[in-house]
Peer 1: 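Quick one: structure below, then a few questions.
Numbered from 1 within each chain, the chains take letters A, B, ... in sequence-line order.
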Amino acid sequence: MSTETGTGTSTAPARSADTPFRYGAARADEIERRWQERWAREGTFFAPDPGEPGSEREKVYLLDMFPYPSGSGLHVGHPLGFIGTDVLGRYLRMTGYNVLHAMGFDAFGLPAEQYAVQTGTHPRATTEANIVRYREQLTRLGLAHDPRRSVATTDVDFYRWTQWIFLRIYESWYDDEQRRARPVAELEAEFAAGTRPIPDGRPWAELSVLERRDLIDSFRLAYVSEAPVNWCPGLGTVLANEEVTADGRSERGNFPVFRRNLKQWMMRITAYADRLAADLDRLDWPDSVKAMQRNWIGRSEGARVQFPVVGAPAQIEVFTTRPDTLFGATYMVLAPEHPLVEQIVPGAWPVDTDARWTGGAATPAEAVAAYRAAAARKSELDRQESRDKTGVFTGAMAVNPVDGQAIPVFVADYVLMGYGTGAIMAVPGQDQRDWDFAEAFGLPIIRTVAPPAGWQGEAYTGEGPAINSHNDDVSLDGLDVADAKRLITDWLVGRGAGEAVVQYKLRDWLFSRQRYWGEPFPIVWDEHGPVPLPDDRLPVELPDIADYAPRTYDPDAADTEPEPPLSRATEWVDVELDLGDGPRRYRRETNTMPQWAGSCWYYLRYLDPHDEKFFVDPEIERYWMARDPSRPGDPGGVDLYVGGVEHAVLHLLYARFWHKVLYDLGEVSSEEPFRRLFNQGYIQAYAYTDPRGAYVSAEEVVEDDTSPTGFAWNGTPVAREYGKMGKSLRNVVTPDEMCARYGADTFRLYEMSTGPMEVSRPWSTRDVVGSQRFLQRVWRNLVDEATGETRVSDAEPDDDTLRLLHRTIAGVHADFRALHYNTAAAKLIELNNHLTKAGVAVPRSVAEPLVLMLAPLSPHIAEELWARLGHENTLAHGPFPVADERWLAAESIEYPIQVNGKLRSRVTVAADADREAVQAAALAEARIAETLAGREPRKVIVVPGRLVNVVI
RNA sequence: GCCGGCGUACUCCAACUGGCAGAGAGGCUCGGCUUAGAACCGGGACAGUGCGGGUUCGAAUCCCGCCGCCGGCACCA
């Protein structure tokens, strides 16, 4: 490889005979590859761990949401965030920080498996090929990652520790009193010692071995349960709530999802609902993401109230946020799946039962059975689509505890088993859903909050004084909603009929999938239930099997059963193991973990990627992640996490949950994984369709005034739409193309300069040339295009140049820190334009800071120019210019002069002039004096350094 | 329906705690040079901040009411 410093000769093909040393794509390519090789060779971006030289510097841990290595490679939208973190990391490294920045791959998951099924290759082969391709693409961009720390979730050495963490969660329970997770061994010890009562009241010693096991299992944070889950026949797997869209379809593939009772692995994330919600206040995250998480966790305060059932030894417990409306409860509703339904249904309809209530059935049992069957057949989608109120009377009556009234109990699917207690008291006067149901079934409506005068609506949910709300003992009448809630709750508590509670919408996390390409569980089954494998049996490797395709079904076949591909690996599944009580036969767990598992902790593995003793060494974790005692309430964690907003509730909630468990167990020192989160915008693109609606190649579309749409493709008018970049939309632009046409430095600079990081914006290939021109001008200012000689002068820059230089330095520092790369780039362009216009050789004392400031954005050309300026070492570790205060203050200031807020004139005054002097100068200025014509202004406002406003 | 966010030249975007609406890029246009018809050099034009009020000496910025767009949640009791 030819090295080219000083007056070296070019190997790059030149466009022009006159300017063989011009900066262009070919030269950029040569420079970039050479420097990338050198960085790799010298380990320039290795981040020292505690104890290693360099670790005494202040540390910064920057993190990107690691990509899923898809088969189609990167398009120009993907690296936006990666480049953004890289710019910050390079800037911080140059200013003296120990920066940790690494990149890994989230490589388990559905698409690899689906692609593998289509092509007949093993998912591991396609995944590894994709990772190689991604690494090439990312390396080409000159990202300053520590290459030693790259991990993929599919590496056996990585998922071994994913399994290890699973076991820690499995071996834990949540102590509600101490509000933290603890090992189940401690729970068992408390039961055995009698310091913690056993739910059924018996002493521990009287429990059989299996009873003890069931009891402990019921406390675990990872547990198996038979519960309603989201079954997606089209994908052949069950899904977490977070993976199902609002309209009851799978986020991936858009297949219908059905609620089915299935035995699956769950994680008790609900135990952490309060901490997950409360600790959001301690995070430096975008408000929108915090709002989404709060919304998902769904904390609401209210009361639980018991309603005794007439003639049955049962109570219906409801949750309500409006206990103040209890006097208006005129009926009750149980969810169709509610277990109490069977117990309360009487043998026959009460006399005079309204015909509308029976569903035409002869007995309540028949009516309920028919209704339940119909409800079970409905997909989530059907249930969402029709909001008409349906239901049947159970034949049972319940007693309203506040007034002793017997009210009818219905079953209706507008009440969901998964929220609250699965039962409600219905208050049509103050709830529109109940109002609709009451209208449909002819039920009474009592208002207990007075609506405002002239109220035309139906249910009134707003504020107002309570009415119709008293019994012999207590009266809410006249109280506002908040006071009424307090009073009636106290009254219920006093009567033992209710209690104040906090309710969450969040449900436990469904953690198993019927997939091949995921982490196997470190669990085997004996004839009784699950048995954890000891740590020294890890990793449980994914076996190679011939047929790894998931068993999928007709998307609407709700009654099908999930079938994990691993269940076909019979030799792997049936094992004989000695787990401490002699060799026994076991059956391995054949489900695999969801894709989210690896991403719940990968950021910890970057810290200590090759450790065989720890998932992360505690000392290393403390160095990079610990809480900052100088910041009150700081939870610790990654210093900056950058990624798209699409993971607001999925990955970001799951990772917080795992991290908190690890914190409770003493495995990490930080309470949160990501102390600061930043959502970068998306790069979007135009797509074009021809009159038949088919997408045409966006690159070949031209603006055309003769086309009714303004755009044409091969002479055909095409319609433009704006959105994502995608293969099927035929508008993909790849970083590879951009690097080939302009170079990585130009591409990076373009992406950073079109707008602030958080803003989504359209991709525009033709604009990229602007960034190329700037780099070309910088190059031309420092390198003779004809001879290749570096040309800077040793002359002192003039004062104007020095002022601009130092203003630029100060501004660029602030911009980089604030992630305002677009304005940093603008300031550098401005400085360079100034140097160009000066028309003289650039003074070295200006050229060097310019090159250094450019380095975070366009590192290769900066390194090259730095070397050509005579420096042997990389600029990756600085120096970075520091602004000189003396040159930040202007000598004189031009004050705009406003008259009554309108700009009328200007006056130039010495920078150190005081307020009076500025005022005097302004009033003496010719146009202002003329306007005043001898009158005294009513008022003169002088804003030092800003402007003068004369009020007449 | 509820909760977020955003509206500035033709386009993408600047404007610190209210203080000269314009930093930067593209496009357009004129000229130079010319091998430059998306990579050359130099010059130029183009808006008054979605709409209507209010506060203020002064509002893109703060407040109120609309309009439009984007995102999230949604039979959650």
Peer 1: Evaluate the criterion ring-ring contact (aromatic ring centres under 6.0 Å, His included) for residue pair A/Phe747 and A/Tyr742; output intermediate values, then yes/no.
Peer 2: CA-CA 7 Å; A/Phe747 172 66; A/Tyr742 301 102; 9.5 Å; no

Peer 1: I want to know whether A/Tyr750 and A/Trp763 have ring centres closer than 6.0 Å.
Peer 2: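 When the ring centroids of A/Tyr750 and A/Trp763 are compared, they turn out to be within the sub-6.0 Å range.
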
Peer 1: To the nearest angstrom, how far is A/Tyr895 atom OH from B/C20 atom P?
Peer 2: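 The distance from OH of A/Tyr895 to P of B/C20 comes to 13 Å, rounded to the nearest Å.
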
Peer 1: Which whole-number value in Å describes the distance from A/Leu804 CG to B/G24 P?
Peer 2: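 It is 11 Å, rounded to the nearest whole Å.
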
Peer 1: Whole Å only: how far is the CZ atom of A/Arg915 from the C1' atom of B/G19?
Peer 2: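 It is 13 Å, rounded to the nearest whole Å.
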
Peer 1: Provide, to the nearest angstrom, the distance between the CG atom belonging to A/Leu326 and the C1' atom belonging to B/A77.
Peer 2: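 Value for this atom pair: 12 Å.
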
Peer 1: Looking at A/Arg773, I'd like to know whether one of its side-chain N or O atoms comes within less than 4.0 Å of OP1 or OP2 on B/G26.
Peer 2: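 True: A/Arg773 side-chain N/O within range (under 4.0 Å) of B/G26 OP1/OP2.
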
Peer 1: By the 4.0 Å heavy-atom rule, please label A/Thr836 as base, sugar-phosphate, or nothing.
Peer 2: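 It contacts sugar-phosphate atoms only.
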
Peer 1: Any side-chain to backbone donor/acceptor pair from A/Asn731 onto A/Met725? Under 3.5 Å, distance only.
Peer 2: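 A pair under 3.5 Å: no.
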
Peer 1: Between protein and nucleic acid, restricted to nucleotides 3-13 of chain B and to nitrogen or oxygen atoms under 3.5 Å apart, what atom pairs and distances do you find?
Peer 2:
from, atom 1, to, atom 2, distance (Å)
B/C12, O2', A/Thr754, O, 3.0
B/C13, OP1, A/Ser760, O, 3.2

Peer 1: A/Ala25 side chain: which of B/A39, B/G42, B/A77 is closest?
Peer 2: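 For A/Ala25, the side-chain atoms sit closest to B/A39.
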
Peer 1: Taking B/A23 as the reference, what is the distance to B/G44 when you measure between their P atoms (whole Å, please)?
Peer 2: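 Taking atom P in both B/G44 and B/A23, they lie 13 Å apart.
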
Peer 1: Please state the C1' separation for the pair B/G71 and B/A15 - nearest whole angstrom.
Peer 2: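 My reading of the C1' atoms in B/G71 and B/A15 gives 27 Å.
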
Peer 1: So which protein N/O to nucleotides 56-63 of chain B N/O distances come out below 3.5 Å?
Peer 2:
from, atom 1, to, atom 2, distance (Å)
B/C57, O2', A/Asn949, ND2, 3.3
B/C57, O2, A/Asn949, ND2, 2.4

Peer 1: Check whether NZ of the Lys or CZ of the Arg A/Lys389 lies under 6.0 Å from the centre of the six-membered ring of A/Tyr414 and within 45 degrees of that ring's axis.
Peer 2: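 Yes.
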
Peer 1: How far, in whole Å, is B/U61 from B/G27 if one measures between their P atoms?
Peer 2: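 About 32 Å, rounded to a whole number of Å.
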
Peer 1: Could you tell me how far apart A/Leu416 (CG) and B/A74 (C1') are, to the nearest whole angstrom?
Peer 2: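 One finds 11 Å between C1' of B/A74 and CG of A/Leu416, rounded.
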
Peer 1: Once you round it to whole Å, what is the distance between P of B/G24 and CD1 of A/Ile829?
Peer 2: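 Whole-Å distance recorded here is 8 Å.
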
Peer 1: Within the pair A/Arg294 and B/G72, is there a side-chain N or O less than 4.0 Å away from OP1 or OP2?
Peer 2: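 No, A/Arg294 has no side-chain N/O under 4.0 Å of OP1/OP2 on B/G72.
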
Peer 1: Does A/Arg780 make a side-chain N or O approach to OP1 or OP2 of B/C41 shorter than 4.0 Å?
Peer 2: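 Checking A/Arg780 against B/C41: at least one side-chain N or O falls below 4.0 Å of OP1 or OP2.
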
Peer 1: Applying a 4.0 Å non-hydrogen cut-off, can you work out what A/Val769 is touching in the nucleic acid: base, sugar-phosphate, or nothing?
Peer 2: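 Sugar-phosphate contact only.
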
Peer 1: Step by step, would you call A/Leu677 with A/Met65 a side chain to side chain contact (heavy atoms under 4.5 Å, CB included)?
Peer 2: CA-CA 10 Å; A/Leu677 175 72; A/Met65 289 187 190; 4.0 Å; yes

Peer 1: What's the closest nucleotide to the side chain of A/Trp296 if the choices are B/C75, B/A25, B/A74?
Peer 2: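 So the side chain of A/Trp296 is nearest to B/A74.
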
Peer 1: Which part of the nucleic acid, if any, lies within contact of A/Gln776, taking any heavy atom under 4.0 Å across all strands shown: a base, the sugar-phosphate backbone alone, or nothing?
Peer 2: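 It contacts sugar-phosphate atoms only.
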
Peer 1: From C-beta outward on A/Thr765, which listed nucleotide comes closest to its side chain: B/A23, B/A77, B/A38?
Peer 2: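 Looking only at heavy atoms from C-beta outward on A/Thr765, the closest nucleotide is B/A38.
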
Peer 1: From C-beta outward on A/Lys837, which listed nucleotide comes closest to its side chain: B/G43, B/A14, B/A77?
Peer 2: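 That would be B/G43.
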
Peer 1: What's the closest nucleotide to the A/Lys389 side chain, out of B/C75, B/A23, B/C40?
Peer 2: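 Nearest to the side chain of A/Lys389 among the choices is B/C75.
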
Peer 1: P atom, B/G42 versus B/U56: distance in rounded Å?
Peer 2: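 So the two P atoms sit 50 Å from each other.
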
Peer 1: Work out how far the C1' atom of B/C28 is from that of B/C10, and round it to whole angstrom.
Peer 2: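 Here B/C28 and B/C10 have their C1' atoms 8 Å from each other.
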
Peer 1: Taking atom C1' in both B/G5 and B/G52, compute the distance separating them and give it to the nearest angstrom.
Peer 2: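 Comparing C1' positions in B/G5 and B/G52 gives a spacing of 23 Å.
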
Peer 1: What is the nucleic acid contact for A/Arg777, judged by heavy atoms within less than 4.0 Å: base, sugar-phosphate only, or nothing?
Peer 2: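 The answer is sugar-phosphate, as A/Arg777 gets under 4.0 Å only of primed atoms, P, OP1 or OP2.
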
Peer 1: How far does the C1' atom of B/G7 sit from the matching atom of B/U49, given to the nearest Å?
Peer 2: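 The same atom, C1', in both gives a distance of 9 Å.
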
Peer 1: Using atom C1' in both nucleotides, what's the gap between B/A14 and B/G53 to the nearest angstrom?
Peer 2: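 B/A14 and B/G53 have their C1' atoms separated by 28 Å.
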
Peer 1: Find the distance A/Gln432:CD to B/A77:C1' and express it as a whole number of Å.
Peer 2: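 For the pair A/Gln432 CD and B/A77 C1', the rounded distance is 14 Å.
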
Peer 1: Atom OH in A/Tyr331, atom CG in A/Leu443: separation rounded to 0.5 Å?
Peer 2: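 Here the interatomic distance stands at 6.0 Å.
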
Peer 1: What is the separation between atom CG on A/Leu650 and atom C1' on B/C73, rounded to the nearest whole Å?
Peer 2: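 Interatomic distance, CG of A/Leu650 to C1' of B/C73: 13 Å.
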
